[in-house]
Amino acid sequence: MNNKITNWTASDDAMIENAIRRGASRRELLTMMLAGGVAASMGSLVLGRASNAVAATPKSGGNLKAAGWSSSTADTLDPAKASLSTDYVRCCALYNRLTFLDQAGTVQMELAESVKSGDAKVWTVKLRSGVTFHDGKQLTAKDVVFSLKRHLDPAVGSKVNAIAKQITEVKDLDSLTVEITLANPNADLPTILSQHHFMIVQDGTTDFSRGIGTGAFKMETFQPGVKSIFTKNPNYFKGGAHVDSFEFFAISDDNARVNALLSGDIHLAASIKPRSMKLVESQPGFALSQTTSGNYTDLNIRLDLAPGDKADFVTGMKYLINRQQIQKSVLRGLAEIANDQPVSPASHYHNADLKPKGYDPDKAKFHFQKAGLIGQSIPMITSEAPTSAVEMATIVQQSGSEIGMKFDVQRVPSDGYWSNYWLKAPVHFGNINPRPTPDILFSLLYASNAPWNESQYKSEKFDKMLVEARGLLDENKRKEIYNQMQVMISEEAGTVIPVYISNVDAISAKLKGLEANPLGGMMGYAFAEYVWLDA
Amino acid sequence: MSTYVLGLITNRLGSAALTLLIVSFAVFFATAMLPGDTATILLGQAATPEAVAGLRAAMHLDEPAFFRFARWLFGLLQGDFGTSYVNNVPVAELIGARFVNTMRLAGIVTLFAVPLSLTLGITAAMFRGSVYDRVVTILTIGVISVPEFMIATSAVLLFSVYLKWLPALSFATDVDSFWQVLKIYAMPVITLTFVVSAQMIRMTRAAVIDTIKTPYVEAAILKGASRRRAVLIHALPNAVGPIANAIALSLSYLVGGVIIVETIFNYPGIAKLMVDGVSTRDLPLIQSCAIIFCVGYLALITFADVVAILANPRVR
Amino acid sequence: MTTSTTMPRGARYRFSWIGMIGFAIILFWAIIAFLAPHIIPYPVGEIVDEDYFGPMSSKLLLGSDYLGRDMLSRIIMGARYTVGISLAAVCLACFSGAAFGMAAAVIGGWFDTILSRFLDALNSIPSKLSGLVIAAAVGSSLPVLIIMLGVIYIPGAYRFARSLAVNVNTMDYITVARTRGEGIPYVVFSEILPNIIGPLLADFGIRFVFIVLLLSGLSFLGLGVQPPYADWGALVHENIGGLPFGAPAVIVPSLAIASLTISVNLLIDNLPKKIRDRSA
């Protein structure tokens, strides 16, 4: 990523990438770049970078080594319980999903041959035939029924229990056909099934430590909190991975992870901090791979508690948060400015007409004065747990001190942050991982009965629109409703979303074939299956 | 004399059991006070009340914590460390290999650090006030003033990233030759030697200087004993007690305190295991690690006390 | 090369020049810490540089940190925390540790056994666990931080002081004093302390270094120094990414820590002999 284009920042790269994903034509892209001050001759260079890796021919062989950032004794091979990126990577190597999302965010079939419905309520899933598990057994509809029903059992501890609850019935019609019935119509089911937790395991599995799946790799070693080693599955239904083996572990220290990459010990260091970019860029033979998929850290103001019960405080904060500074200084350009709502530009439902509020301390002061809060000390809970939340808090604190607003920033331990402070403190930070559809985002985060309603936003109108849009098979109508809902969240909810944060993986130049994926970094965590090593 | 030492060791074994019990209770209450339990932590952001209740029931965490603790304690008496709440693996299995790794690293560091520290500390005391003494002092303090993570990171940058001599990661498992062992352990051992030596050097120097001043060492020097002889034969035996204690305190750090080295070099030891246990509220794992740390510490200080008594028979 | 045995009496009151340098550096940092809010060029939280890990320049004398904040201001404010908190905590740890250690050695018996086992147990509880419990139970404040740091290092100070005092306790003059009927406080402070003050001071110096470094660790557990402020150890930690570029943001706070800790130890090594070796 060693470009010499002046004034061309990483966020511009992201804009182009998103445009490509949305299906912009080459001409549109060039216009966009000219507007950004880039000469047309340079244009192809950037394009070449954003959509690289297509031309080269894959090579077979080699041992792929990669490091994520967190791993503990809680590491699991049970897809329903997977909670950390490292779990997703391991599960992607071992298992498959019925569907997956490609680079452009469109649904593709994986274990399913088709997922169809006439009314968006009763769905028929046709499975591929001839797919085998690592132990030689055939994949059948029974495995799918078992895998999906698990999420409804509270004793499993599934992370997607809240989403899976809309499934009222799953049954096998024949050995390769499954029927899924939903409580209410939901046109997004194929996308929902592409989430990592909905991977297909073998019927009746209770011990997941063996990692028996249908995936591109077989498990060789799995030591929770230490490392895992996988070998290529020769009978993989998609035709086999390029590398012979894949070793994955976590190095939690950001510098240590980057140094391990630079010293040649690993081929990929996942999710590096913006402050490490300079080092990677200064070394020949290494590159950065950026994904903007809609992860964000937000400042949550509970609307039911002081000071958030005064609407002017919330509005004031939306003007006080310096989005540009957070994008430039905290994230070094690896972010896109957000407009206080959760649907990112990576989604084609993103409402681009809804402009982010600009940094305006005077307007903010006006609103704080109206709320009668100038001069009071407002506690603000932050932690290392949500990405960059400590830095964001200090930026808000500094902006506040310039207009006489005092924020008492309290950095609390990241240990226990999610159970102890998140959703609970009157003013605090949260971090939301990307979800593939607006429906999931809204139902989990903004509906009146949402389990993680971060600001306790409650609106009957919003709830009605949510249910209405869910059952619509007409894309345009849906998009229109979602656009309105984004405006409502942006104006009324207490969640201040300053930027969408890009994920940056640092890779060795030997590693080829890595592409961006809307499901997350490391090619939506499934990179091991697709990449190859150039000797 | 030896009967006295035996008596002391028996006495210590008895009080060790009591100490372990106190530690165990303290760790239990501390863990109980932390916000969240294993079920809420595992579910993380997905922790809706019903999901938590379901998982708690499935993991048998719904009975009172104290019963579980009592059962664990009873199991321990029979040599059973219990089963991890988080992944249902016996704790002994989780600890096993990693404990060996920790002891191996601690052993190698001890082999380097203790002779080095004693030599530097004693010679600095012998030549107290000289340029040599001052240089040793400044270097010693200078070295430990640099945070551990900075020493480790600098070493990796220099030897792995720029010179490419050593691997940046120290997986204890990829060992197939002596040369390999040397390469893998070089950086962690250097870092930890830096960290633990300073205290030993400084305390050795201070304790030796203190005994040089005692009347009978002064008398020995006046009688014409060489300076080296006065220090080694007359002063040192009296300083052994404090020195042994300083060594024990420094080395106890190597059992449970090497979390930074384990993190940066990705070395699979038990300090990281303990941290994992705390962050997932995995009581059997936390308890077992705490007991191991405590036993290690008690063994070291008992050893120091025995050495002190043997060196100075008047201490009874 | 001189030793206490051959040194003329008058020299014992001399304060060596190395000790003076150490004292001057400590005094310098103390003054900086005291005046900090009045002499910082920029507010510590303000981002003044578009770039990060910036070099030294006339605008930013010590360059910028990972966010582009002024390093000079951050170090000056950090002096308050590092110097103040560490000194308070080390005094707490060493004074109480030494007092208990000497008392245990002199009194012996059950008092010694129980106190020793209790402090052994205290030392065996992982500090991360206790740190988290305290952060959750009483929240974070500077007094909590100081007590926490002090308590973590009491067992070590106790053990070292006790082992020194046990040695001295066997000396004839102690026996004489006790048969004379002197009370425990007299024996401890008039007979034992003067004879072990040298090693105790050395212990104080080393413990001071440990506390300075541990301080940043506790900040990460949510105890103590809160943003936008940071102690020097935390400054090194948050800017460690600048190490490959030799950024002043990581080098200068390291040097600040080293200058302070080396000075404290040099001062202790070179205290006037009258204070240091009262036994001679």
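Every chain is numbered from 1 and lettered A, B, ... according to where its sequence line falls, protein lines coming before strand lines. Below, all heavy atoms of this structure are taken into account, side chains as well, without hydrogens, waters or symmetry copies.
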Region of B/F29 that comes under 4.5 Å of a non-hydrogen atom in chain C:
neither

Quick one: of B/L20, B/L158, B/V27, B/I301, who has the most non-hydrogen atom pairs under 4.5 Å with chain C?
B/I301

Kindly check if the number of other-residue, nucleotide or ligand heavy atoms within 6.0 Å of CZ (B/F303) is above 12?
no

Would you name the heavy atoms of B/N245 and C/S163 that are closest together and state the gap between them?
ND2-CB, 3.0 Å

Are there more than 12 heavy atoms of other residues, nucleotides or ligands under 6.0 Å from atom CZ of C/F118?
no

Checking B/S15 against chain C: side chain, backbone, both or neither under 4.5 Å from a heavy atom?
both

Working to the nearest 0.5 angstrom, can you tell me the gap between B/I264 CD1 and C/I240 CD1?
7.5 Å

Between C/P199 and the options B/I243, B/I209, B/D210, B/T211, the side-chain contact (heavy atoms from CB on, under 4.5 Å) test singles out B/D210

Go through the steps to decide whether C/H237 and B/M150 satisfy the test side chain to side chain contact (heavy atoms under 4.5 Å, CB included), and finish with yes or no.
CA-CA 8 Å; C/H237 199 277; B/M150 187 158 161; over 6 Å; no

Heavy-atom pairs under 4.5 Å with chain C: which of B/V208, B/L18, B/V195, B/T153 has the most?
B/T153

Looking only at non-hydrogen atoms, find the nearest pair between B/L249 and C/N123 and report the distance.
CD2-ND2, 4.4 Å

From B/T140 atom OG1 to C/I262 atom CD1, the distance as rounded to the nearest 0.5 Å:
9.5 Å

Which pair of heavy atoms, one from B/I22 and one from C/A121, lies closest together, and at what distance?
CG2-CB, 4.1 Å

For C/L164 and B/P242 the tightest heavy-atom approach is CD2-CG, 3.4 Å

Between C/I206 and B/I141, is there a side-chain heavy-atom distance shorter than 4.5 Å?
yes

Minimum heavy-atom distance between C/I257 and B/S145, given as atom pair plus value:
CG2-O, 3.4 Å

When C/L200, C/I125, C/V209 are compared by non-hydrogen pairs under 4.5 Å with chain B, the top option:
C/V209

For residues C/G233 and B/F149, report the shortest heavy-atom separation together with the two atoms involved.
O-CZ, 4.2 Å

About how many Å separate CG of B/L157 and CG of C/L243, when rounded to the nearest 0.5 Å?
5.5 Å

Contact leader toward chain B among C/G156, C/G108, C/P244, where contacts are heavy-atom pairs under 4.5 Å
C/P244

Could you tell me if the side chain of B/D305 sits less than 4.5 Å from the side chain of C/R159, heavy atoms only?
yes

Find the distance between CZ (B/R202) and CG (C/D203) and round it off to the nearest 0.5 Å.
10.5 Å

B/Y297 atom OH, neighbour heavy-atom count above 12 within 6.0 Å:
yes

Contact part of C/F210 toward chain B, heavy-atom cut-off under 4.5 Å: side chain, backbone, both or neither?
side chain

Heavy atoms only, distances under 4.5 angstrom: which of C/N265, C/T261, C/L255 has the most pairs with chain B? Name it, please.
C/N265

Using side-chain heavy atoms (C-beta onward) and a distance below 4.5 Å, is B/R134 in contact with C/D269?
no

